[in-house]
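This report refers to the structure that appears directly beneath it.
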Amino acid sequence: MAEHKKLTTEMILKKKGLIEQAPVPFYSDLFNAEIEVENTHPQGIVDVMASGSVDEIYMYSRLIYENCPIFRDKTLIKEYEVDDPYMLAKKIYGANVLELLQLGNYILSVYGANTQSIEDVKKK
């Protein structure tokens, strides 16, 4: 009997061709620079979507932390004095919530998520 592998999120995304393509950087108006975005944390996307959290800003901040290497920089975490590293993006963006949400939506689109469909599901 052949041994079967357990299907993973990475396998599904690889099949779709999403993981192998490096995402285009996100242009930040706030910083007037490009932010590197990775698509190597698909399980984090699944975890955030399945968490049932009602704090959308926290969810987006976590997506950014997990998929943008600059937001995982230990120096930034120390300088911004955050206990929860997932809150770093929220703290850095401060009142610039619109760009935080745009970056989060861009990350979701990198993984093939239609953000309008996600909003429709949240409303149900």
Please test Glu34 against Phe26 for side-chain contact (heavy atoms from CB on, under 4.5 Å), starting from the C-alpha separation and ending with a verdict. CA-CA 5 Å; Glu34 292 181 339; Phe26 175 85; over 6 Å; no

Gap separating the CD atom of Glu81 from the CD1 atom of Ile77, nearest 0.5 angstrom: 13.0 Å

With heavy-atom distances below 4.5 Å as the criterion, would you say the side chains of Gln102 and Leu98 are in contact? yes

Pairwise side-chain contact, Leu103 with Val37, heavy-atom cut-off 4.5 Å (strictly under): yes

Among all residues two or more places apart in sequence or in another chain, which pass the ring pair (Phe, Tyr, Trp, His ring centres under 6.0 Å) test with Phe71? none

Nearest heavy-atom approach of Ile64 to Leu100 is CD1-O, 3.6 Å

What are the two closest heavy atoms between Arg72 and Tyr65, and how far apart are they? CG-O, 2.9 Å

For Leu76, which residues count as a side-chain contact (heavy atoms from CB on, under 4.5 Å) partner, sequence neighbours excluded? Ile70, Asp73, Tyr80, Leu88, Ile92

Flag the pair Leu108 / Tyr60 as yes when at least one side-chain heavy-atom distance between them is below 4.5 Å, and no otherwise. yes

Any donor and acceptor pair, going by atom type alone, linking the side chain of Ser109 with main-chain N or O of Tyr106 inside 3.5 Å? yes

Got Tyr27 and Ile35 here, is their nearest side-chain heavy-atom distance under 4.5 Å? no

Heavy atoms, side chains only, cut-off 4.5 Å: are Pro23 and Asn67 in contact? no

Report yes or no: do Glu99 and Ser28 form a side-chain donor-acceptor pair below 3.5 Å? yes

Could you walk me through whether Cys68 and Ile107 pass side-chain contact (heavy atoms from CB on, under 4.5 Å), step by step? CA-CA 9 Å; Cys68 300; Ile107 292 167; 3.9 Å; yes

Can you find a pair of side-chain heavy atoms, one from Ile57 and one from Leu101, that are under 4.5 Å apart? yes

Taking side chain as C-beta onward, heavy atoms only, is Pro25 less than 4.5 Å from Glu36? no

Is the shortest heavy-atom distance from the side chain of Lys91 to the side chain of Glu79 under 4.5 Å? no

Separation between CG of Asn96 and NZ of Lys90, rounded to the nearest 0.5 Å: 14.0 Å

